[in-house]
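Everything on this sheet refers to the single structure shown next.
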Amino acid sequence: MDAKFLTNFFTERQLSRAELDIVIPQFRQVEFRKNDFLTKKGGGNCR
């Protein structure tokens with residue numbers, strides 16, 4: 001995962017460096033092809 005990309009959304013103005021060190025690694029890159037559907041994956045609380 002490219003952490004540099006995520007720091008465009010999560011900045012040190014919003015979260016401390018320690019919080020960023022916890023949050024950023026929880027993301028992983030997902031690839032999908034044109035016309036693929038996005039589906040829920042994992043144990044998130046999406047509704």
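The CD1 atom of Ile24 sits 10.5 Å away from atom CZ of Phe5, with the distance rounded to the nearest 0.5 Å.
Checked against side chain to side chain donor-acceptor pair (under 3.5 Å), Thr11 has no partners two or more places apart in sequence or in another chain. By the side chain to side chain contact (heavy atoms under 4.5 Å, CB included) test, Arg17 pairs with Glu12, Leu20, Asp21, sequence neighbours left out.
Counting only distance, with no hydrogens or angles, the side chain of Gln26 and the backbone of Val23 share no donor-acceptor pair below 3.5 Å.
At a threshold of 4.5 Å between side-chain heavy atoms, the hydrophobic network of Ile, Leu, Val, Met, Phe, Trp and Tyr places Phe10 and Ile22 in two separate groups.
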